[in-house]
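Remarks on the structure that follows.
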Amino acid sequence: MTTSDSPDTEDPRGAKDDAKDDLSGADDLGGADATGGAGTSGGTDAPGGAGNPSVPGRVPGLSARDEAVLAVESRSWSGPGPKERAIREQLGISPTRYYQLLNALLDDPRALAHAPVTVNRLRRVRDARRARR
């Protein structure tokens with residue numbers, strides 16, 4: 001057995017392939033996180049997930065589902081029907097659960113760091129609605 005065949009030796013190509021495999025689960029946005037909550041409890045994900053600062057474009061601690069919720073909200077929609085359909089198809093959750101997650105994200109500083117324009121716009125809308133009550 002050579003040193004490259006040893007299971008204890010890290011091959012740079014193997015490490016890269018492992019990281020790619022770890023990220024493949026990021027597309028599965030429909031499942032609940034381990035806490036059963038909104039995914040904003042501050043816990044870290046599996047290696048290569050949002051808790052891994054070495055993954056470019058990811059805010060540490062913000063789950064892939066949270067990022068997807070913010071991405072859906074940042075889009076422009078022609079009406080509620082297409083948006084609700086996209087929420088069910090892309091995220092695999094009900095619109096009610098989507099808005100619960102979104103509301104929790106508005107108070108999360110990690111969400112503000114990830115999508116400041118979207119979060120600040122939604123905070124203004126929420127504050128205006130509260131002021132009208």
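Positions are given from 1 along the sequence.
- A chain of hydrophobic side-chain contacts below 4.5 Å, direct or via other Ile, Leu, Val, Met, Phe, Trp or Tyr residues, connects Leu101 to Trp77.
- With Leu122 as the fixed residue, the side-chain contact (heavy atoms from CB on, under 4.5 Å) test singles out one of Leu106, Asp127, Asn103: Leu106.
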Only distances under 3.5 Å count here; give the side-chain donor-acceptor pairs of residues 79-87 to other protein atoms, sequence neighbours excluded, each with its distance to 0.1 Å.
from	atom 1	to	atom 2	distance (Å)
Lys83	NZ	Glu73	OE1	2.8
Lys83	NZ	Glu73	OE2	3.2
Lys83	NZ	Tyr99	OH	3.3

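- A search for side-chain contact (heavy atoms from CB on, under 4.5 Å) contacts involving Ser94 returns Arg88, Thr96, Arg97, not counting sequence neighbours.
- Between Arg110 and the choices Val119, Leu62, Leu105, Asp66, the side-chain contact (heavy atoms from CB on, under 4.5 Å) rule is met once, by Leu62.
- Not counting sequence neighbours, the partners of Arg124 by the side-chain contact (heavy atoms from CB on, under 4.5 Å) test are Asn120, Arg121.
- With sequence neighbours excluded, the residues forming a side chain to side chain donor-acceptor pair (under 3.5 Å) with Asp107 are Arg126, listed by chain and number.
- Formation of a donor-acceptor pair under 3.5 Å by the Ser74 side chain with backbone atoms of Ala71 is found in this model.
- Shortest non-hydrogen contact noted between Gln90 and Val72 is OE1-CG2, 3.6 Å.
- Counting only heavy atoms from C-beta outward, the side chains of Gln100 and Tyr98 never approach each other to under 4.5 Å.
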